[in-house]
Structure formats: structure tokens, C-alpha cells
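The following block contains the structure, expressed as C-alpha cells.
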Amino acid sequence: MNRHNSLSISKPRIALLGMGTIGKRLAETVKGIPEFELTGVGVRRLTPALIPIIQAGIPVYCTDSNDNTSLEGVVAGDAADLLSSSDYVLDCTPRGTGAVYSNVYNNYNLRMIYQGGESSALAACNYCYGHGYNEAISAPSVRILSCNTTGLVRIIHSLSSSFTVQSVRAVLTRSAADPDKSLKGYVNNILPSMGVSHHSSDAKLFWPDLEVHTQATYAPVNCGHLISMFANLKGIHSRYEILDVLRSSPRIKVIEGRGGLTDLRDVGRGHKRNDCPDLIIWQESVQTFGENVVLSAGVHMESIVIPETLDALFAMTRLELDVNKAMGRSDQAIL
Ligand SMILES: NC(=O)c1ccc[n+]([C@@H]2O[C@H](COP(=O)([O-])OP(=O)(O)OC[C@H]3O[C@@H](n4cnc5c(N)ncnc54)[C@H](OP(=O)(O)O)[C@@H]3O)[C@@H](O)[C@H]2O)c1
């Protein structure tokens, strides 16, 4: 029998590869959802991210066949052992590595979830904020959109739910590195966008006819990304109408005050690591002129894609066929 047909009677068995920024957050969350079985995590070396995994008794597998010295005494087997005992794989390896592994995953008849560093063509469908959910239910593989595009899609979706959005332009000022990769960052520079960034074509996966243009720069910070957006709506709407719509949208938090990206940590207080999976929008930044609205939003890049990845997992495992219920369950799981 095809093992994917037996999902309703046994727990979906999920392997996770790569325990970096995204992987460690997903592993910790997935192991806390009783309907899922985290079969193990695949890594190349021992790192502090493995501590809660080892303490929880989740097996660790070494994916580097040449070297498992740092994992001696901890490792339960190799990549083949992990993949052959799983139905799904959450690929959280660095950009481009998922594409290298895709044939291996296929050989084990796994269904895959890739992250936004992979190309949109690698997976059978792309998922973000409810878009692509029905396709994900039966897709052999799903790609989660990147952190900035997730922020952008949440805003466009929210505005589109009440207004006709005619065009969107955005400048994305990105952190040069995650906090754990500060050695890779730039100390005193802002790198300009070389033309239009990939975020517009990713957002247009869901609104092919919408005019969307983005530029993306890098700034020497590691606390979040900033989305500065101009949207053109059909008709004239007050900023209060727009704020009401944004406030009523899941995974968007409108906050008061003239703050900055470090607000993400304050909004995230109470979450593990002070993560802020919600997109934040500064109330004062939302202004209108004619048919246009401008706003500024903050993206906590390390955590914003965690709820979307869980949504995709609920879809693929068919534990939840209703997208809104799935989103509610994902949000509950990361509280
Ligand atoms: N970080 C973000 O802000 C962010 C946001 C949204 C989406 N994403 C996307 O999420 C994906 C993961 O990004 P990330 O930032 O979490 O990367 P990361 O922090 O660099 O983590 C990747 C992890 O994978 C490990 N790894 C590399 N090759 C491996 C292999 N063959 N087997 C097992 N583990 C392996 C790396 O460890 P070693 O090299 O030590 O082995 C590292 O711990 C990328 O597609 C990225 O574009 C990232």
C-alpha cells in the first residue's frame, strides 16, 4: 500500500533536515504538536540547537557520510535511516541545498516542504498565508515563500479582502544577516537593489495580473526587515478604513508609537526567543493620499515563516482540510 494512503490511521512521520535559524524553530514546534511524529532531525555536526531535541528523546541523524565525529554518542543513524522511516521531509537546509537533496527525497517517496531559499519551480506548488492551501493538500512538494514575500503577501491579501488593489510597489530593507550569522553581515554599508528583486515575481504567483514591483536592499542590522510599501487602490478610502482591515487580519499586528525594527522583539515578548511571527505595521505609518496608501511593516525574518510552514504541513498531512482552521491550529501551536 502507498504509505501516503494510510495517513488517517497513523501519525504522519516527519523528518527535518538542517537545524539552523528556521530548522530549530520548526523542530521544536513540530515535536510539540501531538498529531505529528517528528521521526528525527538530520544534521552534519553537533550544535547547541540540538540540546532540546536530544533532551526530548528525538533521534539525531548524521547527513554527512564523511564525518560524524562531533556527533559520536548522539547519532542514531545516517540520512538513509532517517528518510526511510519518514513520510514527509521539512527541508531547512541553506539556500540551494534542498534542490540538491530533492532527488534523494524522491527516491524515498517522501513529500517535501522546502523553504524560500529554493527556486519557486522546485516544488509542485508554492504556499503563503492561505494561498496554495488546496493545492498543497495533494502536492508532492510545497515551497514556503521567503520571509519578506510572506510579509508582502499578508499585506496584499489583507488589503485585497476589502479593496481592489491596482498596483503595489515596495522597497524591502533587509537585515544583512540573522543574529547567529553576524560574521556574514556588513559593518558600515547599505547594499542597493540591483534592479527589481525576486519578491515581486514571488508575490505575483498568487496575483498574476497585479502590478507588483519590489526593490530590496541590505542594511547593517540583524533585528528584522523593513517593508516600505505604496499601494494603489481603486477608489478613495480613509486611513481608518485601511487600519480596520489590517487590524482584523490574522498574523498582522498594528502597533502604536513611532518605533523601529527593535519593536519586533517587544511585540514578541512571551514567545520563545522573543520571536515575532506576526507582521507588525506601525499605525502612524499608514497614510493615504488620493487612491494611494503608504505603510511601513516589520518582518522578524527568523520566525515569520514558521506558521506558514505549519499550515502547509497540516495541508499535506490532510490533518486539516479547511485552510482557516489550519491557520488557527498553526497559530495555536506557536503560542
Ligand atoms: N533565516 C531566515 O531569516 C530565513 C527566513 C525565511 C526563509 N529562510 C529560508 O530557510 C532555509 C533555511 O535557512 P536558514 O536561515 O535557517 O539557514 P541556516 O541558519 O544556515 O541553517 C541551515 C542549517 O542547515 C545545516 N546544513 C547544511 N547542509 C546540511 C546537510 N547537508 N544536512 C543537514 N544539515 C545541513 C547547516 O549546518 P552546518 O552547515 O553547520 O552543517 C545549518 O545549521 C533557506 O531556504 C532560507 O532561504 C530563511
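Whatever order the structure lists them in is the order used to number ligands and atoms, beginning at 1.
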If I apply the N/O under 3.5 Å rule, does Gly117 come out as touching ligand 1? yes
Hey, does Lys24 sit under 4.0 Å from ligand 1 if you only count heavy atoms? no
Among all the protein's heavy atoms, is there at least one whose distance to atom 33 (C) of ligand 1 comes out below 4.0 Å? yes
How close do Thr21 and Lys24 get, heavy atom to heavy atom, and via which atoms? O-CG, 3.9 Å
Does any part of the side chain of Thr63, heavy atoms only, come nearer than 4.5 Å to the side chain of Thr93, both counted from C-beta? no
Determine the interplanar angle of the His157 and Tyr129 rings, folded into 0 to 90°, and report it as parallel if under 30°, tilted if 30 to 60°, perpendicular if over 60°. perpendicular
Heavy atoms, side chains only, cut-off 4.5 Å: are Thr47 and Arg45 in contact? yes
Ile22 N/O under 3.5 Å from ligand 1 N/O: yes
For Arg45, take its heavy atoms, then give the atoms of ligand 1 lying under 4.0 Å from any of them. 38 (P), 39 (O), 40 (O), 41 (O)
Sort out for me which residue in Leu264, Asn148, Thr173, Leu172 forms a side chain to side chain contact (heavy atoms under 4.5 Å, CB included) with His225. Asn148
Contact check: Ser146 vs ligand 1, nitrogen or oxygen atoms, below 3.5 angstrom: no
among protein heavy atoms, the one nearest atom 21 (O) of ligand 1 is Gly20 CA, 3.2 Å
re atom 12 (C) of ligand 1, the protein heavy-atom contact at minimum distance is Thr93 O, 3.4 Å
Closest non-hydrogen protein atom to atom 10 (O) of ligand 1, residue and atom name please, with distance? Gln115 CB, 3.2 Å
Enumerated ligand 1 atoms positioned under 4.0 Å from heavy atoms of Pro94: 22 (C), 24 (O), 26 (N), 27 (C), 28 (N)
Could you tell me if Arg111 sits above the aromatic ring of Tyr88, with its cationic atom closer than 6.0 Å to the ring centre and no more than 45 degrees from the axis? no
Among Cys92, Gly23, Gly18, the residue with a heavy atom nearest to atom 22 (C) of ligand 1 is Cys92
Is any side-chain heavy atom of Arg273 less than 4.5 Å from a side-chain heavy atom of His300? no
Determine whether more than 12 heavy atoms belonging to other residues, nucleotides or ligands lie under 6.0 Å from atom CZ of Phe163. yes
Considering non-hydrogen atoms of the protein only, which is the closest contact for atom 39 (O) of ligand 1, and what is the distance? Arg44 NH2, 2.8 Å
A student checking ligand 1 against Met301 at a 4.0 Å heavy-atom cut-off should list atoms 2 (C), 3 (O), 4 (C), 5 (C)
Check whether more than 12 heavy atoms from other residues, nucleotides or ligands sit under 6.0 Å from atom CZ of Arg247, and answer yes or no. yes
Is it the case that atom NZ in Lys204 sees more than 12 heavy atoms from other parts of the structure closer than 6.0 Å? yes
Are there protein heavy-atom neighbours of atom 37 (O) of ligand 1 below 4.0 Å? no
Provide the closest heavy-atom pair for Gly116 versus Arg143 in the form atom of the first, atom of the second, distance. O-NH2, 3.3 Å
Which residue from Lys181, Glu302, Lys184 reaches closest to atom 15 (O) of ligand 1 through any of its heavy atoms? Lys181
Are Tyr101 and ligand 1 in contact, using a heavy-atom cut-off of under 4.0 Å? yes
Taking only heavy atoms of Asp178 into account, list the atoms of ligand 1 that are under 4.0 Å away from them. 1 (N), 2 (C), 3 (O), 15 (O)
